[in-house]
Amino acid sequence: MTRPLLVDTDPGCDDALAILLALEHADLEVVGLTTVHGNAPVDATTHNARAVLELVERPDVPVSRGADLPLISPLETAEHIHGIDGIRGDLPEPSSATQPVDSHAAQFIVEQARAHEGELTVAAVGPLTNVALALAIEPELPALLDELIVMGGAAFAPGNVTPLAEANFHSDPEAAHRVVRDADPTVIGLDVTRRATLPASWIEGLPRDDPLGRSIYEWATYYTEAVLERYGLETAAIHDALAIAQVVDEDILELESHFMEVGIDSELDRGALVCDPHGVTGERPNGRVAVDNDVDVDRYRELVIDAVDRALEVQ
Ligand code: RIB
Ligand code: CA
């Protein structure tokens, strides 16, 4: 029995590996990709999502273009991390085979949730604008989903855009605030995704004699030396793929149920994921958060490496 999965994404190098993992794992059926501003403007992230699907020969997967802008914040993008077009690699120019569907991503998310009647998992690995809009269209969205998994925030770890805020939440704090408050998410933040690295020896052994191998290599090495040094990493953190890995194997991460809230009030706290592990607010838990205890990095790496091996074999 495969598990239907919708990936809301801003490809994005780590997004691309997350999409590859989702497409290649036998337990998952990817019902669509919804694109959002984030690592690049939404025209670029939509282009990139289509290009990744055509690169891995999966033009059958629907793409739905989403929000151009955050709900309130000005657009902020990360080409300095992911490349001038928001992604690195040797990608094809998308063809008509991956023409986006007519529905806006927010509507597509609601349509898919209703169509799968409580069976759909949504993995949101970019800013949460589309998910927040979907929630505004359909307030019953959480009840219509099996699970909403979010790559974002930094519950008990430093941020990567401000000292408190992680990029996806900082890109659209109001959207993250609404989703964390009302959508019963499983939040997978920098607390654990900073450990989502791939072995340097395996990366160096990737075949680079074809566009897919070269692209996977570029996605796995998207951090510059300066970024690696800043975070004390040997190889890049493939944040988004850990969210997909958790969908596949829920034992990879340890989750705790707590009250959480996302800051929206000041430059200091905008996008900050504030978590209340001791219940001092008296508020009931409104979601689950991955905590940095015993992250099964080996299992994560096994899932990603197996998916890449399968993708490369098909070529
Ligand atoms: O902070 C990491 C997140 O921001 C990842 O989703 C990455 O793709 C960027 O969107
Ligand atoms: Ca992303």
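No hydrogens, no waters, no symmetry mates; every other heavy atom, side chains included, goes into these values. Computed from a prediction, not measured in an experiment: that's the story for all the values here. For ligands, and for the atoms within them, numbers begin at 1 and follow the listed sequence. Residue indices begin at 1 and follow the sequence shown.
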> Check all N, O or S atoms of D240 and name the one closest to the Ca ion (ligand 2).
OD2
> Would R181 and E283 pass as an ion pair if we require N to O under 4.0 Å?
no
> Looking at ligand 1, does any of its N/O atoms fall within less than 3.5 Å of an N/O of L190?
no
> Within ligand 1, which atoms have a heavy atom of H239 less than 4.0 Å away?
2 (C)
> With atoms numbered from 1 as shown, which atoms in ligand 1 lie under 4.0 angstrom from a non-hydrogen atom of E166?
1 (O), 2 (C), 3 (C), 4 (O)
> For atom 9 (C) of ligand 1, which candidate among N39, V125, V36 provides the closest heavy atom?
N39
> Any carboxylate oxygen within less than 4.0 angstrom of a Lys/Arg side-chain nitrogen, looking at R65 and D43?
yes
> Can we say R299 and D251 salt-bridge, meaning some charged N sits less than 4.0 Å from an Asp/Glu carboxylate O?
no
> Under the criterion side chain to side chain contact (heavy atoms under 4.5 Å, CB included), which of V122, L6, I109 is the partner of L145?
V122
> Answer yes or no: is there a side-chain heavy-atom contact under 4.5 Å between H116 and V31?
yes
> Should you measure from each heavy atom of D15, which atoms of ligand 1 turn up under 4.0 Å away?
8 (O)
> With a cut-off of under 6.0 Å to the ring centre and 45° to the axis, is R88 in cation-pi contact with Y222?
no
> Identify, by atom number and element, the atoms of ligand 1 in contact range of M151, meaning under 4.0 Å from any of its heavy atoms.
2 (C), 3 (C), 5 (C), 6 (O)
> State the atoms of ligand 1, each with its element, that fall below the 4.0 Å cut-off from a heavy-atom position in D10.
10 (O)
> Please report which non-hydrogen protein atom sits nearest to atom 6 (O) of ligand 1, along with the residue it belongs to and the distance in Å to one decimal place.
D240 OD1, 2.6 Å
> Distance alone, cut at 3.5 Å: any donor-acceptor contact between the side chains of T186 and Q246?
no
> Between O of V125 and OD1 of D15, what angle is found at the Ca ion (ligand 2), rounded to 10 degrees?
140°
> Closer than 3.0 Å to the Ca ion (ligand 2), do we get an N, O or S atom from G12, backbone or side chain?
no
> Could you tell me whether the side chains of T34 and N130 share a donor-acceptor contact shorter than 3.5 Å?
no
> Which single N/O/S atom of D10 lies at minimum distance from the Ca ion (ligand 2)?
OD1
> For the residue pair M260 and V289, establish whether any side-chain heavy-atom pair is separated by less than 4.5 Å.
yes
> Taking the basic N atoms (NZ, or NE/NH1/NH2) and the acidic carboxylate oxygens, is any pair closer than 4.0 Å for R3 and E119?
no
> Near A167, which atoms of ligand 1 are under 4.0 Å from a heavy atom of that residue?
1 (O), 4 (O)
> Any idea which of N168, I238, D14 brings a heavy atom closest to atom 8 (O) of ligand 1?
D14
> Could you list the atoms of ligand 1 found under 4.0 angstrom from a heavy atom of N160?
1 (O), 2 (C)
